[in-house]
Amino acid sequence: MSLTKKRKVAESKVDKNKVYSLKEAASLVKEINCTKFDSSVDVHIRLGVDPKKADQQVRGTVSLPHGTGKTKRVLVLCTPEKEDAAKQAGADYVGLDEFIQKIEGGWVDVDVIIATPSVMPKIGKLGKVLGPRNLMPNPKTGTVTNDVAAAVNEVKGGKIAFKVDKAGIVHASIGRVSFDAQKIAENTAELINAILKLKPATAKGTYLKGVSIASTMSPGITLDAKSLAN
């Protein structure tokens with residue numbers, strides 16, 4: 001695949017043999033961006049865990065101090081008495097049976113689904129559609145709760161969920177290239193700190209094996225994992 005001129009320039013500015021400090025990487029990821037749109041900035045964290053083992057499944061949530069730069073579309077599945085609270089908190093869609101039917105028909109035009117515990121038995125059958133998209137409400141990520149207003153506020157305010165994949169890597173979007181470098185660095189640090197706190201007791205050896213940061217269609221920048229782990 002031939003590289004565009006912009007991509008070639010971006011590649012030339014990243015030293016593949018160097019590990020960068022978080023401060024350096026946050027500045028460089030802005031400098032090498034080669035898209036005309038406001039690209040997302042993604043962090044990829046390789047962990048020393050075996051995701052096949054139930055006790056080494058690293059997953060959780062973190063509220064990024066500067067948000068993600070993206071307005072998330074939120075669906076709240078609840079009983080009628082909770083609907084007003086969800087709407088006032090800024091949920092984009094609120095209801096139950098009509099949305100269950102829409103999802104069964106293939107509609108998944110949302111970023112986060114929040115549900116009350118009482119409606120979870122009805123939602124269980126949607127697992128095949130929502131599971132692969134990481135949209136299934138889960139108490140561990142705070143998306144199954146009776147306080148739907150607080151949950152909506154958290155999501156809209158920059159709360160993200162993360163989960164280690166089958167290869168032992170956590171992928172997360174932590175902002176936009178339009179953010180200043182300090183905000184990119186602070187959001188990245190917040191995510192890494194949250195992941196460090198979730199280190200499984202059974203994980204052996206180095207936990208934070210590798211960290212890289214990249215914007216859409218730009219080369220990855222390797223961070224100094226050792227300094228981030230301290």
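This chain uses plain numbering: 1 for the first residue, then up along the sequence. Everything numeric here is computed off the predicted structure, so don't read it as measured data.
Between the side chain of E24 and the backbone N or O of S21, at least one donor-acceptor pair lies under 3.5 Å. Checked by atom type and distance alone, the side chain of T79 never pairs as donor or acceptor with a backbone atom of E81 at under 3.5 Å. In this structure a side-chain-to-backbone donor-acceptor pair under 3.5 Å is missing from K30 to A181. Between the side chain of T206 and the main chain of L208, no donor-acceptor pair closer than 3.5 Å is present. Judged purely by atom type and a 3.5 angstrom limit, N187 has no side-chain atom pairing as donor or acceptor with the backbone of L64.
A pairwise comparison of heavy atoms in A149 and A85 identifies CB-O, 3.9 Å as the closest pair. When all heavy atoms are compared, the tightest approach of T71 to K156 is CG2-NZ, 4.2 Å. Taking both residues in full, the closest heavy atoms of T68 and S173 are given as CG2-O, 4.1 Å, listed atom of the first, atom of the second, then distance. Nearest heavy-atom pair across A161 and T141 is CB-CG2, 4.2 Å. Shortest non-hydrogen contact noted between A225 and V211 is CB-CG2, 4.3 Å.
Side-chain contact between L47 and Y207 is present, with heavy atoms from C-beta onward closer than 4.5 Å. Contact of the T116 side chain with the V148 side chain is registered, since non-hydrogen atoms from C-beta on lie closer than 4.5 Å. Looking only at side-chain heavy atoms (C-beta outward), P200 and V58 come within less than 4.5 Å of each other. Contact annotation: the side chain of L191 approaches that of I45 to within less than 4.5 Å [non-hydrogen atoms, C-beta and beyond]. The side-chain heavy atoms of R59 and V164, taken from C-beta on, include no pair separated by under 4.5 Å. Between I213 and Y20, every side-chain heavy-atom pair lies at or beyond the 4.5 Å cut-off. Within the 4.5 Å cutoff, no side-chain heavy atoms of V29 are placed close to those of S218. Looking at heavy atoms from C-beta onward, Q57 lies in side-chain contact with P51 at the 4.5 angstrom threshold.
Residues V49 and L198 fall within the same hydrophobic cluster, defined by Ile, Leu, Val, Met, Phe, Trp and Tyr side chains chained together at heavy-atom separations under 4.5 Å. The cluster map of Ile, Leu, Val, Met, Phe, Trp and Tyr, joined by side-chain heavy atoms under 4.5 Å apart, puts L228 and V41 in the same cluster. At a threshold of 4.5 Å between side-chain heavy atoms, the hydrophobic network of Ile, Leu, Val, Met, Phe, Trp and Tyr places V76 and I160 in two separate groups. Note on F162: it does not cluster hydrophobically with V112, by side-chain heavy-atom contacts below 4.5 Å among ILVMFWY residues. Cluster membership check: F37 does not share its hydrophobic cluster with I174, using side-chain heavy-atom separations under 4.5 Å among Ile, Leu, Val, Met, Phe, Trp and Tyr.
A salt bridge between D92 and R73 is absent, with no side-chain N of the basic residue lying under 4.0 Å from a carboxylate O of the acidic one. The pair K128-E104 does not meet the salt-bridge criterion, since no charged nitrogen lies less than 4.0 angstrom from a carboxylate oxygen. By the 4.0 Å N-to-carboxylate-O rule, D97 lies close enough to K122 to be salt-bridged with it. Between D224 and K23, no side-chain nitrogen of the basic residue sits less than 4.0 Å from a carboxylate oxygen of the acidic one, so the salt-bridge criterion is not met.
Side-chain contact, N138 with T143: no donor N or O sits under 3.5 Å from an acceptor N or O. For H171 and D165, the side-chain atoms include at least one donor-acceptor pair closer than 3.5 Å. Side-chain atoms of S39 and N33 form a donor-acceptor pair, as typed in the model, at a separation below 3.5 Å.
Partner H66 forms a side-chain hydrogen bond (donor to acceptor under 3.5 Å, both in side chains) with one of E186, Q182, K183 and no other, that one being E186.
For the atom pair OG (S227) and CG (L22), the distance works out to 8.0 Å, reported to the nearest 0.5 Å. Atom CD1 of residue I221 and atom NZ of residue K16 lie 9.0 Å apart, to the nearest 0.5 angstrom. From S40, atom OG reaches atom NZ of K70 across 8.5 Å, with rounding to the nearest 0.5 Å. The structure places NZ of K166 at 13.0 Å from CG of D50, a figure rounded to the nearest 0.5 Å. Between S27 atom OG and D180 atom CG the span is 9.5 Å, to the nearest 0.5 Å. Atom OG of residue S215 and atom CZ of residue R176 lie 11.0 Å apart, to the nearest 0.5 angstrom.
Side-chain heavy-atom separations under 4.5 angstrom define the hydrophobic clusters, and the remaining members of the one that includes M120 are L75, L77, Y93, L96, F99, I100, I103, W107, V108, V110, I113, V119, I123, L126, V129, L130, L135, M136, V144. Chaining together hydrophobic side chains whose heavy atoms lie under 4.5 Å apart leaves M217 on its own.
A 6.0 Å sphere centred on NZ of K209 holds no more than 12 heavy atoms belonging to other residues, nucleotides or ligands.
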Stepwise, does the side-chain contact (heavy atoms from CB on, under 4.5 Å) test hold for T202 with Q56?
CA-CA 7 Å; T202 54; Q56 293 190 30; 3.3 Å; yes
Can you list the steps and then say if D109 with K102 is a salt bridge (charged side-chain N to carboxylate O under 4.0 Å, His left out)?
CA-CA 10 Å; D109 197 20; K102 285 180 76 172; over 6 Å; no
Verdict with reasoning, L223 to V19, per side-chain contact (heavy atoms from CB on, under 4.5 Å)
CA-CA 5 Å; L223 301 185; V19 290; over 6 Å; no
